[in-house]
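Letters A, B, ... mirror the listed sequences (proteins, then strands); counts begin at 1.
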Amino acid sequence: MDSLLTNYISPYYIKIFTLVGIYIIIALGLNFISGVTGQLSFGHAAFVSIGAYTAAILTTRLQLPFLPSLLVGGLLAAVVGILLGFPILRLTGDYLGIATLGFGEIVIVVFQNMDITGGTIGLSGIAKNTSLSLVVLVVIFTIWSMYRLENSRFGRALMAIREDEIAANVMGINITAYKIQAFGIGTFFAGIGGGLYAHMIQYLNPTDFGFSRSFEYLTFVVLGGLGSIPGTILGTTVLTLAPEFLRFVAEYRMMIYGALMVIMMIFRPRGLLGGVNLSKKIRALKNKKKTTIPSDAR
Amino acid sequence: MFWQQLINGITLGSTYALIALGYTMVYGIIQLINFAHGEIYMIGAFVGVVAVTVFQLNIFIALFVAMTVCIIIGVSVERIAYKPLRRSTRLAPLISAIGVSIFLQTLMTLIAGPQAVGFPQVINDQLYHIGSVTVSKVQVIILILASALMVGLQLIIKYLRIGKAMRAASEDYDTASLMGINVNRVISFTFALGSALAAAGGVMVGMYFNSIHPLMGVMAGTKAFCAAVLGGIGSIPGAMLGGLFLGVAEVGGVALGYGGYRDAIAFTLLILVLLFKPTGLLGRPIQRKV
């Protein structure tokens, strides 16, 4: 499939689009934790790294097939997320953010000191198993499951927790259990994204998963519109492509990127698609076409 | 051995404490984690180097220059990147702060180059022996300067009019502004104080480790923030205590042979403290109102 694509698109663009897809999977996972459930996480990259390392170690050291390894990576990230969730999801707001940030840094230091991960030298020799078509399939699956989750009883409970924890609790929602489940789901997708990332970049280094990376994912979500699935996709796409399009300014690239973040926040503090309900908008457009209301009816 | 490590830990910890104060004061008033604060500290160190090497200034004058430059930068960052976002969602100023942080880091990398810059030895390496403990002159100067700055800060906050206004604003932002306190001025002043302390911390770290780097603010800033949270964010004595605690723990951990885990020590401590005291050592408990 990808070899067919290379006839039409240059390998450079295929790589960029694959990366955008992987980031969308990871960012949607974070959106589920921070956007839908309202729990601040500054350590999302740590779960990405757990998925990436698990999948890569399984395929390189144990010669396991790619897809099961990917799944195991995602599951392990989810298990770690759930185990971490039990103690720290009692914290709220910024304190939770800081605790997750701390956890993320601990994970990196642990990977740096482990033998099986290659320590500070990193893990290389990972086969290139990730293809654009696979990533697209996983992205579609992720988007579909996010919509299904959000519009379920479970998703409504999570949104209730986001809006008002005490009120949700009074309504009979077991806050801790729901938060932990949401955390597990979000970190599962982080792990899947990590496994795909590992088998695309083919080299892993613990420092690639530091908190600056976690903040990058958070920026994707917030700039797109916290809690909005199309917003997260748009934010991720724009912010992943921006540094590529900014290549012509060479070394000023990251400076402009930083300045852009500030400017975008000042003009759209709720994100690009924050507070915009796309499905409502589409419905409104359809209704307008069907029924033309006479202007003097009011 | 124990006392030696304690002194080393306190020296490192007092620089963390100086940075942590800026985080805690800003958070106390506008509930913003000012992620660009670590960059202010880094810029302070670079201004110090330029003042000492290019302009051949005395180290104390250099310290003063660094503090002044950082006050200007810190206050302008607040005006440009945070002030327009004061009444918006919680995460918007946070993202803006990360943007500022990336901007300042790249700017400094462009100006100074990506490699580490040596900090000239401005203070002779005289050593003092007290019993079995060896203290260098740099350490003595850092300890005296840091204590003087912290005492000065306490005096400003306790006795000056603007200090009282700061305390009022951190108690209740809206009520303070209703009482005729110019909250915008208070916020600018808070950023100025925090930036000055961070700059002092940057110059001191440069003096102590003799090497500075455009990315040095990232880890130091995060650890200092941990120190602020550890001590109880919003609490000024808490930030000092947290900084010292973290410095001692880190140096102690390395001395015990966990050098590879150096950066993890701070964060492990942080999580442990938060689990048992969710608002930090000296933090006020969160009040939940229905």
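- When side chains are defined from C-beta on, R90(A) counts as touching L275(B), because their heavy atoms get closer than 4.5 Å.
- Among all heavy-atom pairs drawn from M261(A) and I102(B), the shortest one is SD-CD1, 3.9 Å.
- Put simply, the side chain of I256(A) does not reach to within 4.5 Å of the side chain of T106(B), judged on heavy atoms.
- Using a 4.5 Å cut-off on side-chain heavy atoms (C-beta onward), F267(B) and L101(A) make contact.
- Rounded to the nearest 0.5 angstrom, S212(A) OG and M219(B) CE are separated by 9.5 Å.
- L270(B) touches chain A through its side chain: at least one heavy atom from C-beta onward sits under 4.5 Å away, while N, CA, C and O do not.
- Rounding to the nearest 0.5 angstrom, the gap separating the CD1 atom in I106(A) from the OG1 atom in T268(B) is 3.5 Å.
- For F215(A) and F35(B), the distance between ring centers is under 6.0 angstrom.
- Residue L110(B) touches chain A through its side chain alone, counting heavy-atom pairs closer than 4.5 Å.
- The shortest distance between side-chain heavy atoms of Y27(B) and D94(A) falls below 4.5 Å.
- When each of L269(B), I233(B), D263(B) is scored by its heavy-atom pairs under 4.5 Å with chain A, the top score falls to I233(B).
- For Y203(A), the OH atom sits in a packed shell: over 12 heavy atoms of surrounding residues, nucleotides or ligands are nearer than 6.0 Å.
- Distance check, rounded to the nearest 0.5 Å: CE of M254(A) to CZ of F103(B) gives 12.5 Å.
- Side chains of I271(B) and F103(A) form a contact here, defined as non-hydrogen atoms less than 4.5 Å apart.
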